[in-house]
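Working notes, structure below.
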Amino acid sequence: MAMRRLVAAALLACVLLPMASVRGRNITAILDGYKEYKLYNKYLSETKVCDEINSRQSTSMSILVLSNDAMTTLASDAGDSLPAIKNALRLHSVLDYYDRKKVKKYGDESAATLFQATGDAAAATGNVKVVDQDDKNYGFSAATPGARICTVTKEVETHPFKFAILEVTAPIEFDGLFDTPAIANLTLLLERAGCKVFAALAVKTGVLKTYEDAMDKGLTLFAPNDDAFQAKDAPDVKAMSVANLTKLLQYNALPAYNTKTSLKFVKGSLPTMAGTKAAVKVVAKGDDVSIDTGKAKSRVADTVVDSVPFCLMTLDSLLVPPELYVGAVEAPAPAPADAPQASPPAADAPSVPADHAADHKTKKAAKSSAVAARPIGALAAACSVVLASLLL
Ligand SMILES: *[C@@H]1O[C@H](CO)[C@@H](O)[C@H](O)[C@H]1NC(C)=O
Ligand SMILES: *[C@@H]1O[C@H](CO)[C@@H](O)[C@H](O)[C@H]1NC(C)=O
Ligand SMILES: *[C@@H]1O[C@H](CO)[C@@H](O)[C@H](O)[C@H]1NC(C)=O
């Protein structure tokens, strides 16, 4: 009897343990379970702040959520501008764990937020204050003097010292929170980012207009810097026909909003503006993100502008559509002559599984995923032993 119970427990562990260790914390999936935060969750996804939260698996966090009514107020205060809403959602993502017990024990504190960590916010305004109120109450406010305190009305989920979801009465706001970068002139933006050659080609081919038309619908623009055009394997753009240049420029853009962080979570291939067949893949290793054309990889250097639904990032090298690629061809492997163009994933650059893509150092990430893999392997072996003994 006792033996059978032990076997049952072992079996249950076999099923549950790997699930728990494989599944990362996914804020979207968690909030899907709460109808009252539906609007909040929708904006988290649209602005991709969910990916910023999910990429910090090893950071203690408290997400200050708003009911549908309070979220409507926030959206209206932000003038229904997605970049402005993104600022606010980042401010509501606190980079420390809080619950009633902790606040009552330690009292008022200042806490950093994602707004400060990832935005252009001046250090102090990106903070929130944690305030110990009367009785059992506590709340959060902007760091500015005299800011209103938004009381925590519900501890939705608390996982001590790791992760909390706390509902606050009203949005935390301050003067300047909704300020967003002006992006009136794309050419100027590209030139200032050190992408003069790319900007000139976009003007010359008229692709600039395609980009501009997509900026308010969804556009991720990968702009190669001026040095990229000097690289040994870069095509000679001066000798290229306008048709081929156009294709090249369209290939450096995605018709959807992505950020450097959200790219880490992409599974499969991403269509570019050069057509659904002209797709690229993402290779992510810790904080490093590269775009893979199948022939070559380009590292994403900097984010120049993130203004939902438009994001401009610079690249260290040009993304060249495979059919226009003339660069250093990889050593002709003994592959069948009629092999399709799609090359196998490079063995030297394993992509980080999306739900484990933590934003800490590459080495650390590689080590921890290796460590995580071993117990799972051992567990699988143990499971088969248990199963085998049951079948006998
Ligand atoms: C998180 O959950 C959402 C909704 O449940 C899902 O669409 C998304 O792919 C998940 N993200 C990751 C990284 O697993
Ligand atoms: C945008 O900036 C470029 C480069 O400085 C300039 O040539 C162009 O006239 C500007 N366009 C508009 C519409 O202001
Ligand atoms: C575009 O490039 C391809 C590959 O280099 C070449 O075969 C083709 O002739 C070019 N097209 C034009 C219109 O120049």
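What's counted below: heavy atoms across the whole structure, side chains too, no hydrogens, waters or symmetry copies. In listed order, ligands and their atoms are each counted from 1.
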Review point. Hey, is K42 close enough to E46 for a salt bridge, meaning N to O under 4.0 Å?
Key: yes

Practice item. Identify, by atom number and element, the atoms of ligand 1 in contact range of D32, meaning under 4.0 Å from any of its heavy atoms. Key: 4 (C), 5 (O)

Check your understanding: Short list, please: which atoms of ligand 3 are under 4.0 Å from a heavy atom of S241?
Key -> 11 (N), 12 (C), 13 (C), 14 (O)

Review point. Got a salt bridge between K295 and E323, using NZ or NE/NH1/NH2 to carboxylate O under 4.0 Å?
Key: no

Check your understanding: Same cluster or not: are L245 and V197 linked, directly or through other Ile, Leu, Val, Met, Phe, Trp or Tyr residues, by side-chain heavy atoms under 4.5 angstrom apart?
Key -> yes

Review point. Please state which protein non-hydrogen atom is closest to atom 4 (C) of ligand 2 and give its distance, to 0.1 Å?
Key: E191 OE1, 3.5 Å

Revision key, fill the gap. Ranking T28, N26, I27 by closest non-hydrogen atom to atom 8 (C) of ligand 1, top hit is N26

Exercise for review: State the atoms of ligand 1, each with its element, that fall below the 4.0 Å cut-off from a heavy-atom position in F265.
Suggested key: 13 (C)

Check your understanding: Looking at L177, D179, T47, which hits side chain to side chain contact (heavy atoms under 4.5 Å, CB included) with N87?
Key -> L177

**Study point:** Region of E323 that comes within reach of ligand 3 [heavy atoms, distance under 4.0 Å]
**Key:** backbone

Check your understanding: Within the structure, does at least one protein heavy atom fall under 4.0 Å of atom 10 (C) of ligand 2?
Key -> yes

Exercise for review: Note the single closest protein heavy atom to atom 14 (O) of ligand 2, along with its residue, its atom name and the distance in Å.
Suggested key: N185 ND2, 3.5 Å

Practice item. Say whether, by atom type as modelled, one donor and one acceptor occur between the side chain of T303 and the main chain of M313 under 3.5 angstrom. Key: no

**Study point:** side-chain contact (heavy atoms from CB on, under 4.5 Å) assessment of F115 paired with L89
**Key:** CA-CA 8 Å; F115 182 54; L89 291 177; over 6 Å; no

Check your understanding: Are side-chain N/O atoms of D108 and Y138 paired as donor and acceptor at under 3.5 Å?
Key -> no

Exercise for review: Before accepting this row, confirm whether a basic side-chain N of the pair E52/K260 lies closer than 4.0 Å to the acidic partner's carboxylate O.
Suggested key: no

Review point. What part of L324, side chain from CB on, backbone N/CA/C/O, both or neither, has a heavy atom under 4.0 Å from ligand 3?
Key: side chain

Check your understanding: When you measure from atom 5 (O) of ligand 2 to every protein heavy atom, which one gives the shortest distance, and what is it?
Key -> L188 CD1, 3.2 Å

Check your understanding: Thinking salt bridges, do D226 and K196 make one under a 4.0 Å N-O criterion?
Key -> no

Revision key, fill the gap. Atom 1 (C) of ligand 3: closest protein heavy atom, distance to 0.1 Å, is N244 ND2, 1.4 Å

Point to revise | Subset of ligand 1 atoms that lie under 4.0 Å from at least one heavy atom of A29 | key: 2 (O), 5 (O)

Review point. Does some non-hydrogen atom of N54 fall short of 4.0 Å from ligand 1?
Key: no

